[in-house]
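Take a look at the structure below.
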Amino acid sequence: MTRSLDGLRFAAVSEVAGGEVGTDTVFTYHERDAEIWAEYAGGAIRRGFLVGTRDGDRLDFRYAQLNLDGATSTGHCVSLVSALPDGRLRLDETWQWESRPGHGTSAVVELR
């Protein structure tokens, strides 16, 4: 199992097709025991939150967000945590909207 996500900040590797998260979106993660949660904002996202669980290097969470147009959206995501050669963490994500059609994959990397 890789290290704790608590207090780590992440940003998207690239713009996310079909989603609203982009390279200007910053996530701040928290972790206690097997619980994870995060706040995020930036780019097309005015404010977002996620909450879920961690089992080893697998995250399973729900997210809710408010975009710049004032619309809310919710969804489900499963992420796999891995370590990059430089020691930073990467989350490879498979997500699906629950409040509207759409799904996809994306990745975020730890900011230093």
Side-chain angles (χ1 to χ4, degrees):
M1 182 162 134
T2 49
R3 69 183 199 274
S4 172
L5 300 175
D6 196 50
L8 299 183
R9 297 172 61 231
F10 291 81
V13 172
S14 62
E15 300 299 314
V16 178
E20 295 180 328
V21 168
T23 56
D24 292 332
T25 309
V26 175
F27 296 78
T28 302
Y29 272 80
H30 308 280
E31 181 174 358
R32 185 173 325 129
D33 300 321
E35 297 175 23
I36 54 133
W37 64 99
E39 305 89 28
Y40 58 99
I45 307 296
R46 189 177 298 172
R47 183 176 317 275
F49 300 95
L50 64 85
V51 63
T53 58
R54 180 175 184 173
D55 182 9
D57 289 332
R58 183 180 186 273
L59 310 179
D60 189 327
F61 59 83
R62 295 293 196 284
Y63 56 89
Q65 62 193 38
L66 174 68
N67 69 20
L68 294 179
D69 295 331
T72 60
S73 299
T74 60
H76 175 245
C77 183
V78 172
S79 298
L80 297 178
V81 183
S82 62
L84 297 171
D86 65 6
R88 293 179 302 147
L89 295 182
R90 176 183 169 112
L91 307 179
D92 286 292
E93 306 170 326
T94 301
W95 53 269
Q96 181 168 357
W97 292 112
E98 293 180 329
S99 61
R100 64 185 194 196
H103 60 89
T105 59
S106 55
V108 296
V109 294
E110 181 182 353
L111 297 174
R112 290 255 164 114

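Small disclaimer: the values here were computed from a predicted structure and weren't measured. What you see below is based on every heavy atom in this structure, not just the backbone, and it leaves out hydrogens, waters and symmetry mates.
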*At what distance, to the nearest 0.5 angstrom, does OH of Tyr40 lie from OH of Tyr29?*
9.0 Å
_Arg62, CZ: over 12 other non-hydrogen atoms inside 6.0 angstrom_ = yes
*Return the minimal non-hydrogen interatomic distance between Ser79 and Leu91, and the atom names on each side.*
CB-CB, 4.3 Å
*Any chance you could measure Trp95, atom CH2, to His103, atom NE2, to the nearest 0.5 Å?*
8.0 Å
_Restricting to non-hydrogen atoms, name the atom on Ala41 and the atom on Arg46 that form the minimum distance, rounded to 0.1 Å._
CB-O, 3.5 Å
*Pairs satisfying side chain to side chain donor-acceptor pair (under 3.5 Å), at least one member in residues 5-19, at least two apart*: Glu15-Thr23
_Donor-acceptor under 3.5 Å (Glu31 side chain, Ser4 main chain)_ = no
*Say whether Glu35 and His30, considering side chains only, have a donor N or O and an acceptor N or O under 3.5 Å apart.*
no
*If you look at every heavy atom in Glu20 and Thr25, which pair is closest and at what distance?*
O-OG1, 4.4 Å
*Over all atoms of both residues, closest heavy-atom pair of Cys77 and Glu93*: SG-CB, 3.7 Å
*Atom of Leu89, atom of Phe10 and distance for their closest heavy-atom approach*: O-CE2, 3.6 Å
*Heavy-atom pair with the smallest gap, counting every atom of Phe61 and His76*: O-CD2, 3.3 Å
